[in-house]
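Quick note: numbers below take in every heavy atom, side chains included, and nothing from hydrogens, waters or symmetry partners. Per chain, numbering begins at 1; letters A, B, ... match sequence-line order.
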Amino acid sequence: MAAAVLCGVNALAFGPSGNPDDQIRLYWQGNVRMASNIVEIGCNVAMNGDSSIYDYETLRIRKPAFVRKELTAAKSAGLDYVHYLKIANHQALGAKYPTVGRDRSKDFRVPDLSDERCFSELKAAAVAALDITPLDDPNLVGIQPSSEVRDRSHPSFTPMLAERYRACSGKGIPTEATGRFAPNWRDMEDFPVGRVIPDDWPLYDFYSWFWREGDRWNEYQSFVAEEVSKRTGGRVWTYYDPVVRTPPVWGSGGSVTLVNHWVYCQPDPYSISHLVSEENAMARGRPGQGVMVQIQDIAYRATMAPKELPEGKLPPAWYRACPDTKFLTCPHDMMREAIWGAYSRRTDGVCHYGFNSLFGLSPEEYAESNAKGYFTSDTKTREVIADMARRIGIPLGPLLRAAPEHAPRVAVLESAPSAFFAARYTWGWAGSVFDVGLLAVKASLMPYVLYTEQIRRDGIPASVETLLLPGCEVLTETEFAAIKAFQKRGGIVLADMWCVPGILPDGDIPEFVRTKMGDADYAAIGAAADKLLKTISVKHLPYVVTSTRDLIAHARKAGSAADLLVVYNDRRTLGDDVGQWNAVLEKGLPASGKVSLARKAGAVYDLECHCRVDFEIVCGRTRLTVDLKPADGVALLVVDRPLAPLSVRTSGDVVTVTSADRDVMIPIGVTIPGRRTFYGVVKSGVWSKSFDGGAVGASVKNLADGSVTSASPGD
Amino acid sequence: MRHLTFLALAFGLCFGGVADVLDARQRRYALWQMFEADRETAFEWMEKHVDEPAPSVGVLMVELSRQMPQDRREKFISAFAAAQTNLVVRKEISRATTFPFKRDNVPVSQNPANDHPVILVQSIPLPLDGWRFRHDTAGNGHLGGKPYYAVDFRLTPSWREVRIGCFWEEIPAVGRAYDGIGWYRLEWKLPPRPETANVFELVFGAVDEEAWVWINGEYVGQHVEGVVGWNKPFRLDVARELKWGETNVIVVRVNDTENGGGIWKPVTLEAIKCDF
């Protein structure tokens, strides 16, 4: 079995221009006229989103000066800039090159990229867009080739597609392939009894190919990524989103530097953690690819407050002002919790998007706005985002980015054949398979998402002790054999009633059915997560355990002698802004409890307070008491021994920080007189940076224990 | 150890009694092992245990019944359906035995991959009157050279004038106690296409209990959830099939197995704008 490829620390060859080690904090499609707002909430990268600059007939930017103007404005505000090419617009290309169904009908909404003319036109448009982009400007750090282009992808049944498939596979397109997805296994008479299919089963092979490369969108992203890399020597990074709004098949985003995906905080704010796991699973198909995650500051009205106000309920302020709004603001407590969930995971960036649901319009402005539907129903949310950036995101950004995930113990299989033949998709946010991941997050089991292709390439990681099989109605022979072998070596399999009959699970995945009643679902998820934890704990004590499901914990490695432990509060109730509808529980409540993890600590540091915290050792595990305010959390460094003092040396404009604790990642704040504090992380005992501008003195704060060490110029 | 245990359990299943002490997971696996070893024995066990209480085992039984000869399968399913009350199992039964037309039709408003606002531009109610209906007691209306859904199908006196928006039992032409398959057909002139809309969905308030829909001879989708679907609204993406400004033919095949039946709530065509 090949070694599993785990998502760890990247080469950090990309990042914000001011500090490439830092997390990217991008504001998605904001337009730089919102620059002051973007800076206010702690973002370091702005991105254009103005559709009016594009001529969709010619696929050209009709206002070339716009890009440089936006870049200049971003720089003035102290922001980096990402240029979104946005020329891959369905309606323009689709009208010219529609996809063709089996029945010869044409879908003008979806462009047929298997038509070489279409693909060439798209590539030419991308090249023209790059030609007028100031790629040599150091503050232009990224390019997004396209976004949301695969949502309606379906095969175009033309000789061109057939030829492309035959060139790759040597086979013709199966006649049963008629649309975006394969037929359900129940509707196929010749489907193997027992639902275990050969890895090269024709329909499975075709759909895997189609979603991996057949619709050619991944190829397009790769084309742009490679073009950008060629023109900039690799300095400018590229990214694609939403990367897992596809079946669980590798390749989404092509060879872009980073992948991204956004999540809504409702009804479960911690769903962001499982989304990161899904993105990691996708990125594992291209080792070295970075992962960002985006929190939607907007919230669907349909999720939070569907339809009219229930009878007898008092209307909230937003309802009195704009009862017809489609997008509300993510409630501030749910936002805070979601941000903690994001910080608990290793990502290269945490992004936001809120539009007029975050940076509000008054009711009068709303009435005059062209973009109806977005209303700021919660003015505290932007304050929360700013607060979290100030407290945690900015000072700890480099550490949050650097600390890798632990080797997985609990894995969730997102089986590709089950997606194709039983519609078991998650799309990065919903469905029964995603819900099982949520249960595992809620139980602090730190679930790892496994793809069919990873099993085929690497096997099930050796560290996995428990494998969850949600909705695994169809498996490939390789998956089936791997699961059997896993059980033979003592691994525990939990499944639901839909699992292939040839697998005998060791236990059941707790059932959980959403009723869309907020309080009932919240209680049900908690109970199911509790049951899951108890089932797994019988044989394997998880790496982290919390005494109550109100507390969610996640630990990562901060060197071989330390853990970065994030604990956050999911205790919630109905609030006054949307509680009337009982769809989501928006209001956080205080929570306290105990957290233990499988490390025998010598010291534990609160990374926000920069101080030591009390703990005890029980049966070789570190146990802490945690008291959290509503929706809040804590970031702790749990180390084998108390940290030694840091040393600082300056030589010319270079500041070097060293530590005897070579096996601990230590977050630091470096202050140069007359400049903004710079944040970094000491790894393998050293951190070093050149500060342009001549001899410097430096004052370095250890963000773990709060100690300060200084050096004058020449020390 | 697992292997030996389940061979023993498989034998145990044959002699009954043991099945009571096995949990559902083990029973399901044992049934599968028995099927792999000897299908006839498995089928006999299934026929004796139509009252199997565990949904997970019941669902497997439906699946394995597909391997039975047709006549035997029909008998088994009939007895099994009569004995099973679990809704998940009943849905599987319904799915396994129902009409072969199927199309995955996911309306944009229900597409989990859609992350854009869905804005209703215009709501066009279908007429309540002017529909034609006929019984299909033989269940073969979809067959033959001119199936009932064909655009140029010529109506005969068997096709009675009816209205929708009520149970068909309330319509004398249909009959008070009818349970079975019925076909509705409407010819209806559409207005000009609403310019700002790019998505068009046919919205059924409710059909008791299963429905399959054609527009202008093209199959567009179905609502098949068994008896539990009787009062559930459903919608179908029909953008490609509609002919704006022209007469369109809408055909709905309905299956009702108990109590009230038919298109008992209104049907509306929604013109929607969604920025993909």
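Proximity to chain B (any heavy atom under 4.5 Å) is restricted, for Y264(A), to the side chain, taken from C-beta onward. In this structure, the portion of E63(B) lying under 4.5 Å from any heavy atom of chain A is its side chain and not its backbone. No part of V62(B) comes within reach of chain A, as not one of its non-hydrogen atoms sits under 4.5 angstrom from that chain. Contact annotation for Y425(A): neither backbone nor side-chain heavy atoms come within less than 4.5 Å of a heavy atom of chain B. A239(B) touches chain A through its side chain: at least one heavy atom from C-beta onward sits under 4.5 Å away, while N, CA, C and O do not. Contact of V244(A) with chain B is not made at all, since no heavy-atom distance falls under 4.5 Å.
Atom OG of residue S56(B) and atom CG of residue D496(A) lie 10.0 Å apart, to the nearest 0.5 angstrom. Rounding to the nearest 0.5 Å places CZ of R109(A) at 9.5 Å from SG of C274(B).
Taking the side chain as every heavy atom from C-beta outward, R66(B) and E189(A) never approach each other to under 4.5 Å. Using a 4.5 Å heavy-atom cutoff, the side chains of M497(A) and R28(B) are not in contact. When side chains are defined from C-beta on, V88(B) counts as touching W498(A), because their heavy atoms get closer than 4.5 Å. Taking 4.5 Å as the limit, some side-chain heavy atom of V193(A) sits within range of a side-chain heavy atom of W32(B).
The candidate with the highest count of non-hydrogen atom pairs below 4.5 Å against chain B, out of G502(A), G101(A), S105(A), A302(A), is G502(A). Of the listed residues (I503(A), D107(A), N184(A), T178(A)), the greatest number of heavy-atom pairs within a distance under 4.5 Å of chain B belongs to N184(A).
At distances below 3.5 Å, at least one donor-acceptor pair connects side-chain atoms of R25(B) with backbone N or O atoms of P505(A).
When the shell of 6.0 Å around CD of E44(B) is examined, it contains more than 12 heavy atoms from other residues, nucleotides or ligands.
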For side chain to side chain contact (heavy atoms under 4.5 Å, CB included), just list the numbers for R240(B) and K106(A), CA-CA rounded to whole Å, side-chain angles, deciding distance to a tenth of an Å, and then say yes or no.
-> CA-CA 8 Å; R240(B) 288 194 293 192; K106(A) 292 184 181 173; over 6 Å; no

